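Below is one structure, written out as structure tokens; comments come after it.
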Amino acid sequence: MLRVTTASLCSYCQRMRLLIPPSASASTLSSPNKRLENQLTVDSLYQLSVDIRKVRKFKGWVLSENAAYVSETADLLRDMGADTTVIARILETHPEAVLCRPEDVAAQRELWSTVCPNKRELMSIIEKFPASFFTLTHHSNQRANILYLQTLRLSNRIIGKLMASAPQSFSRPVELNKEVIHTLRETYLDLGGDEGNLRIWLQKLLSQNPYILLRPAEAWRDSLGFLREQGFTTEELLTLVSSLRASIAELQPDAMQQALAYVGDAFACSKDELKQIVILCPAILYYSLPTLAGRFQGLMDVGVSMEQVKESPNVMELTTQIVLYRIQKLASYGYDVRSGSLDVIVGTKKDFEMSYAKLHLRQQRPLFNPVAPLRSAEE
């Protein structure tokens with residue numbers, strides 16, 4: 001008589017579990033209170049090497065929908081140049097894609113191709129922003145907004161970036177985007193900008209902050225109106241707008257007032273000095289009071305003087321930890337920031353590394369004395 005031990009039974013179950021698709025065990029173990037998964041959807045995704053556990057964890061409802069187009073969606077992506085790995089990654093990240101009707105996805109592909117005709121580049125965008133591509137609502141609005149931005153002679157690359165990063169701005173009526181663009185144009189020209197450079201300026205704004213079109217036109221007017229009241233000239237305002245770009249539309253007058261009041265008191269500076277500090281470090285306008293106070297106090301704690309900060313206010317863009325790290329790194333080569341300019345530590349990581357490398361090279365290179373006698377080989 002054959003005896004089956006507990007250990008052998010467990011081993012048998014384990015072997016069988018490896019052979020059964022995750023869908024089968026999940027359907028079997030589902031509680032009566034949960035919607036049953038669509039067996040065909042789960043198996044189709046499984047065959048595409050999609051991590052079913054990941055889908056269940058984050059978007060489990062997709063697996064319970066009655067209508068799904070897994071193979072059709074995969075075929076469309078494959079036709080656009082996606083390999084098996086890319087298809088699996090897209091469907092794991094945005095499994096809702098399989099719920100889109102094939103004819104709607106095909107229409108979306110045609111629309112996006114008007115901006116990005118290169119299949120490989122388009123596929124790269126879809127891989128990074130699948131939710132944007134598979135958002136198929138308001139198709140007519142999307143088309144109208146694309147055509148409008150193209151009439152402005154904006155590059156297709158910028159338009160594609162907007163569609164991927166901020167699809168909401170393409171789903172809304174084109175009239176709303178026209179109003180924002182009109183306000184931006186008026187702002188730029190009123191501040192002394194040149195009509196010939198308007199397109200380049202707009203592209204920079206949209207490239208830096210794709211969500212700019214979602215900001216109400218009134219936000220621009222309120223922010224600029226406040227800064228005018230602070231005494232900034234037209235030329236200075238254009239400098240600020242160009243530096244802050246789209247961020248200026250996100251600034252609230254009350255918050256800017258608090259930031260300016262704090263910096264004026266902390267730096268003990270006049271109104272004209274305060275304006276120059278803001279022009280050199282526009283980020284001051286959108287930092288919160290706790291951030292400004294923490295960074296200023298951090299600079300004082302490491303021995304930096306107020307005058308040094310006033311001369312290089314963009315040091316306030318760095319966290320206290322970064323400032324301390326850079327000061328200590330320079331000190332290892334005998335450079336005391338507290339007795340010189342702070343310009344050597346400001347800027348990006350790349351900027352600092354370049355300054356640090358120059359200092360290191362200067363320390364390693366022996367000084368040449370032109371009047372010292374030359375030594376012969378025998379010496």
Side-chain angles (χ1 to χ4, degrees), residues 201 204-212 215 219 223-224 226-227 230 232 235-331 335-359:
W201 185 73
K204 287 182 178 179
L205 289 180
L206 297 171
S207 177
Q208 188 201 44
N209 188 346
Y211 295 97
I212 184 175
R215 297 291 299 165
S223 298
L224 289 172
F226 168 79
L227 293 172
Q230 305 308 304
F232 287 94
E235 184 179 354
E236 290 169 339
L237 283 175
L238 182 59
T239 300
L240 281 176
V241 171
S242 298
S243 300
L244 289 167
R245 295 187 174 92
S247 300
I248 198 168
E250 301 173 357
L251 302 178
Q252 301 295 327
D254 290 343
M256 287 191 287
Q257 179 64 61
Q258 293 177 0
L260 291 175
Y262 173 79
V263 173
D265 291 341
F267 287 36
C269 57
S270 65
K271 191 172 182 179
D272 288 338
E273 288 177 323
L274 178 59
K275 287 200 305 178
Q276 291 305 309
I277 288 173
V278 171
I279 290 173
L280 290 173
C281 184
I284 285 175
L285 292 173
Y286 58 75
Y287 284 146
S288 65
L289 284 182
T291 297
L292 287 173
R295 293 188 179 183
F296 182 75
Q297 188 58 50
L299 290 167
M300 298 298 102
D301 290 344
V302 297
V304 173
S305 70
M306 186 189 304
E307 288 301 317
Q308 285 179 294
V309 181
K310 288 173 68 173
E311 292 175 0
S312 304
N314 47 345
V315 72
M316 296 283 286
E317 296 176 357
L318 305 175
T319 65
T320 302
Q321 291 82 359
I322 292 177
V323 169
L324 185 60
Y325 166 78
R326 293 183 179 183
I327 288 178
Q328 291 176 341
K329 193 166 185 179
L330 291 173
Y335 186 89
D336 187 359
V337 174
R338 290 164 293 190
S339 61
S341 171
L342 296 180
D343 289 343
V344 69
I345 66 170
V346 299
T348 63
K349 180 180 179 181
K350 183 178 180 180
D351 295 333
F352 174 71
E353 291 297 337
M354 289 179 64
S355 298
Y356 177 76
K358 289 178 181 178
L359 180 63

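Not measured: the values here are computed from a predicted model. Sequential numbering from 1 along the given sequence is applied to the chain's residues.
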### Message
Once salt bridge (charged side-chain N to carboxylate O under 4.0 Å, His left out) is applied, do any residues pair with Lys310, and if so which ones, sequence neighbours excluded?
### Response
Glu273, Glu307
### Message
Would you compute the distance between atom CG of Asp351 and atom CD1 of Ile345 and round it to the nearest 0.5 angstrom?
### Response
12.5 Å
### Task
Go through the structure and list residues passing salt bridge (charged side-chain N to carboxylate O under 4.0 Å, His left out) with Glu353, not counting sequence neighbours.
Lys329
### Task
Rounded to the nearest 0.5 Å, what's the gap from CZ on Phe226 to CG on Asp254? Could you check?
8.5 Å
### Message
Distance check, rounded to the nearest 0.5 Å: Ser223 atom OG versus Leu237 atom CG?
### Response
11.0 Å
### Any Val315 side-chain heavy atom under 4.5 Å of Pro313 side chain
no
## Note on the structure
For Asp265, the salt bridge (charged side-chain N to carboxylate O under 4.0 Å, His left out) test, sequence neighbours excluded, returns none
### Nearest heavy-atom neighbours spanning Leu292 and Met316
O-CE, 3.7 Å
### Task
Output yes when a side-chain donor or acceptor of Gln308 lies under 3.5 Å from a complementary backbone atom of Gly340, and no otherwise.
yes
### Task
Show your reasoning for whether side chain to side chain contact (heavy atoms under 4.5 Å, CB included) applies to Thr291 and Arg295.
CA-CA 6 Å; Thr291 297; Arg295 293 188 179 183; 3.6 Å; yes
### Query
If you measure from OG1 on Thr239 to CD1 on Ile279, what distance do you get to the nearest 0.5 Å?
6.0 Å
### Task
Step by step, work out the side chain to side chain donor-acceptor pair (under 3.5 Å) result for Gln276 and Asp272.
CA-CA 6 Å; Gln276 291 305 309; Asp272 288 338; over 6 Å; no
### Query
Where is the tightest heavy-atom contact between Ala259 and Ile284, given as atom of each residue plus distance?
CB-O, 3.5 Å
#### Entry: The single option from Val323, Leu324, Ile322 passing side-chain contact (heavy atoms from CB on, under 4.5 Å) against Arg326
Ile322
### Between CE on residue Met306 and CE on residue Met300, distance to nearest 0.5 Å
6.0 Å
### Message
Contact between Phe232 and Val278 at the side-chain level, heavy atoms closer than 4.5 Å - yes or no?
### Response
yes
### Spatial distance of atom CD1 (Ile212) from atom OG (Ser207) [nearest 0.5 Å]
11.0 Å
### Query
So do the side chains of Ser341 and Glu311 get within less than 4.5 Å of each other, counting heavy atoms only?
no
#### Entry: Test item: Arg338 side-chain N/O and Gly303 main-chain N/O as donor-acceptor pair under 3.5 Å
no
### Task
Could you please spell out the steps behind the side chain to side chain contact (heavy atoms under 4.5 Å, CB included) verdict for Leu227 and Glu236?
CA-CA 10 Å; Leu227 293 172; Glu236 290 169 339; over 6 Å; no
### Task
Show your working on side chain to side chain contact (heavy atoms under 4.5 Å, CB included) between Leu330 and Phe352 and close with a plain yes or no.
CA-CA 10 Å; Leu330 291 173; Phe352 174 71; 3.9 Å; yes
### Task
Give me the one residue out of Leu285, Leu274, Val309 that meets side-chain contact (heavy atoms from CB on, under 4.5 Å) with Val263.
Leu274
